[in-house]
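For reference, the structure is listed below as structure tokens.
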Amino acid sequence: MVIFVISWILQGVLTYFQIRNYKDRMSTLGKVGYLGVGRMKKKLGRGRILLLVSNESGEVIKAEEMRGISVFTRFKEKNELIGYKIDELGKNLSGDFKEVVEEAVESIRGQLKNNTGGVKIEN
């Protein structure tokens with residue numbers, strides 16, 4: 001019983017730090033350009049979050065991905081997406097990653113259409 005309670009508390013603390021990392025990355029990247037977020041969560045298996053940032057011309061200037069099943073997972077840079085126009089991104093991709101990229105791209109397209117950059121995250 002004691003081990004269960006300690007594990008539960010530890011999981012809560014680690015989840016707090018993971019959420020804080022997510023908010024920090026969104027806040028930082030939202031100041032750089034137009035931020036798009038793509039998410040994919042499975043009931044069982046690895047989840048995935050992609051943060052894409054583009055400039056006014058729709059070129060990806062930053063990309064970070066968090067992928068895994070653990071609360072220890074952190075964002076890692078996805079340099080292979082940098083330099084592409086957002087309209088070109090989904091063409092050579094497949095599977096879960098394509099879905100996540102397309103969701104992030106749609107978010108950026110909406111901001112470019114409305115000409116609103118940056119995302120404000122409340123801590």
Side-chain angles (χ1 to χ4, degrees):
M1 180 68 175
V2 173
I3 294 174
F4 172 75
V5 171
I6 291 172
S7 298
W8 185 65
I9 291 170
L10 182 61
Q11 180 183 7
V13 169
L14 293 172
T15 300
Y16 166 79
F17 285 112
Q18 187 176 45
I19 291 170
R20 195 170 91 182
N21 174 255
Y22 172 74
K23 287 182 176 183
D24 288 346
R25 296 310 307 146
M26 283 194 53
S27 179
T28 301
L29 294 175
K31 294 174 185 173
V32 175
Y34 296 89
L35 175 64
V37 180
R39 294 179 210 107
M40 189 250 345
K41 184 177 179 185
K42 293 183 178 181
K43 295 253 183 212
L44 293 173
R46 299 173 122 179
R48 190 175 245 171
I49 300 174
L50 178 69
L51 304 177
L52 276 182
V53 181
S54 82
N55 57 20
E56 298 82 19
S57 65
E59 180 182 337
V60 176
I61 55 175
K62 285 287 235 183
E64 295 186 7
E65 179 186 37
M66 180 190 297
R67 168 179 129 169
I69 57 174
S70 166
V71 292
F72 297 108
T73 305
R74 295 289 180 256
F75 282 100
K76 294 184 172 99
E77 290 187 7
K78 293 290 282 185
N79 293 326
E80 61 269 21
L81 300 177
I82 296 174
Y84 284 96
K85 295 283 189 181
I86 59 171
D87 296 327
E88 301 169 350
L89 276 179
K91 293 180 181 174
N92 297 325
L93 302 173
S94 62
D96 296 340
F97 190 59
K98 182 175 183 168
E99 293 175 30
V100 174
V101 168
E102 287 175 347
E103 184 179 348
V105 165
E106 284 306 311
S107 178
I108 291 172
R109 279 191 185 124
Q111 292 176 54
L112 289 170
K113 180 180 175 186
N114 297 327
N115 201 17
T116 58
V119 172
K120 183 173 178 172
I121 303 296
E122 297 294 328
N123 288 334

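The model shown is predicted, which means the values in this text are computed figures rather than measured ones. Because only heavy atoms are used, hydrogens play no part in the values below, and waters and symmetry mates are left out as well, while side chains stay in.
Using modelled atom types, no side-chain atom of S27 and backbone atom of K23 make a donor-acceptor pair closer than 3.5 Å. With hydrogens and angles disregarded, a donor-acceptor distance shorter than 3.5 Å links the side chain of K85 to the backbone of S57.
Residue L52 forms a side chain to side chain contact (heavy atoms under 4.5 Å, CB included) with just one option from L35, L89, V100, and that option is L89.
A distance of 10.0 Å separates CG in N114 from OH in Y34, rounded to the nearest 0.5 Å. Atom CZ of F75 and atom OG1 of T28 lie 11.0 Å apart (nearest 0.5 Å). Between the CD1 atom of I3 and the CG atom of L10 there is a distance of 13.0 Å, given to the nearest 0.5 Å. Note: L29 CG to D24 CG = 10.5 Å, rounded to the nearest 0.5 Å. Here CE of M66 is found 11.5 Å from CZ of R39. Values are rounded to the nearest 0.5 Å. Rounding to the nearest 0.5 Å places OG of S54 at 4.5 Å from CD1 of I108.
Here the shortest heavy-atom pairing between V37 and I49 reads CG1-CG2, 4.2 Å. In terms of heavy atoms, G58 sits closest to L112 at CA-CD1, 4.2 Å.
Side-chain heavy atoms closer than 4.5 Å link hydrophobic residues (I, L, V, M, F, W, Y) into clusters, and following such links, even through other members, never connects F17 to Y22. With hydrophobic clusters built from ILVMFWY side chains whose heavy atoms lie under 4.5 angstrom apart, I19 does not share a cluster with Y16.
For residues 63-75, every residue pair satisfying the salt bridge (Lys or Arg N to Asp or Glu O under 4.0 Å) rule, not counting sequence neighbours, is listed here: R25-E64, R48-E65, E65-K78.
Shown here are the side chain to side chain donor-acceptor pair (under 3.5 Å) partners of N21, two or more places apart in sequence or in another chain: there are none. Every residue two or more places apart in sequence or in another chain was checked for a side chain to side chain contact (heavy atoms under 4.5 Å, CB included) with K76, and none qualifies. With sequence neighbours excluded, the residues satisfying side chain to side chain donor-acceptor pair (under 3.5 Å) with E106 are R109. With sequence neighbours left out, the side chain to side chain contact (heavy atoms under 4.5 Å, CB included) criterion links S94 to no other residue.
Residue I6 shares its hydrophobic cluster (ILVMFWY side chains chained together at separations under 4.5 Å) with V2.
At least one side-chain heavy atom of S107 sits under 4.5 Å from a side-chain heavy atom of Q111.
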